[in-house]
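Reading through the structure tokens given below for one structure.
For reference, positions follow the sequence shown, starting with 1. What you see is a predicted model; the values in this text were computed from it and never measured.
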Amino acid sequence: METCNHGINNLFEQLGLASSDKDIDLFISTHKPLLPQQRLDQASYWSPTQAAFLREALAGDSDWSEAVDELNVRLHS
């Protein structure tokens, strides 16, 4: 079985956001820090579709999980 791991740039594309390294750094610096107890998918800046995608990616341990974990860590730090 072949697995496909996506990077954070691909994740931003999937979320419909600008996906260059500079754009990602700007997004993170603008939206961090999330409170320690706040889940990534519950941040107010996600659309319902984006939040559902993030929630499912983490809950289902999908191909996107690693990129979503990276985003989660970067937004909480």
Determine, using the 4.5 Å side-chain heavy-atom cutoff (strictly less than), whether I28 and L17 are members of one ILVMFWY cluster. yes

Gap between atom CG of D21 and atom CG of N9 - 0.5 Å precision: 5.0 Å

Close side-chain approach of T30 to Y45, heavy-atom, < 4.5 Å: no

Does the pair R39 and R55 meet the rule for a side chain to side chain contact (heavy atoms under 4.5 Å, CB included), with working shown? CA-CA 9 Å; R39 291 187 357 212; R55 187 171 37 259; 3.8 Å; yes

Any L15 side-chain heavy atom under 4.5 Å of T49 side chain: no

If I take atom CG from residue L54 and atom CG from residue D41, how far apart are they, to the nearest 0.5 angstrom? 6.5 Å

Under 6.0 Å between the ring centres of W46 and F27? yes

Interatomic spacing from OG in S77 to CG in N72 - rounded to 0.5 Å: 10.0 Å

Nearest 0.5 angstrom please: H31 NE2 to L40 CG, how far? 11.5 Å

Within-4.5 Å side-chain heavy-atom neighbours: W64 and L71: no

Side chains of I8 and E66 in contact at under 4.5 Å (non-hydrogen atoms): no

Taking atom NE2 of H6 and atom OG of S65, what is their separation to the nearest 0.5 Å? 10.0 Å

Between Q50 (side chain) and S47 (backbone), is there a donor-acceptor pair under 3.5 Å? yes

Going by salt bridge (charged side-chain N to carboxylate O under 4.0 Å, His left out), name the pairs with one or both residues in residues 22-36, residues two or more places apart or in two chains. D25-R74

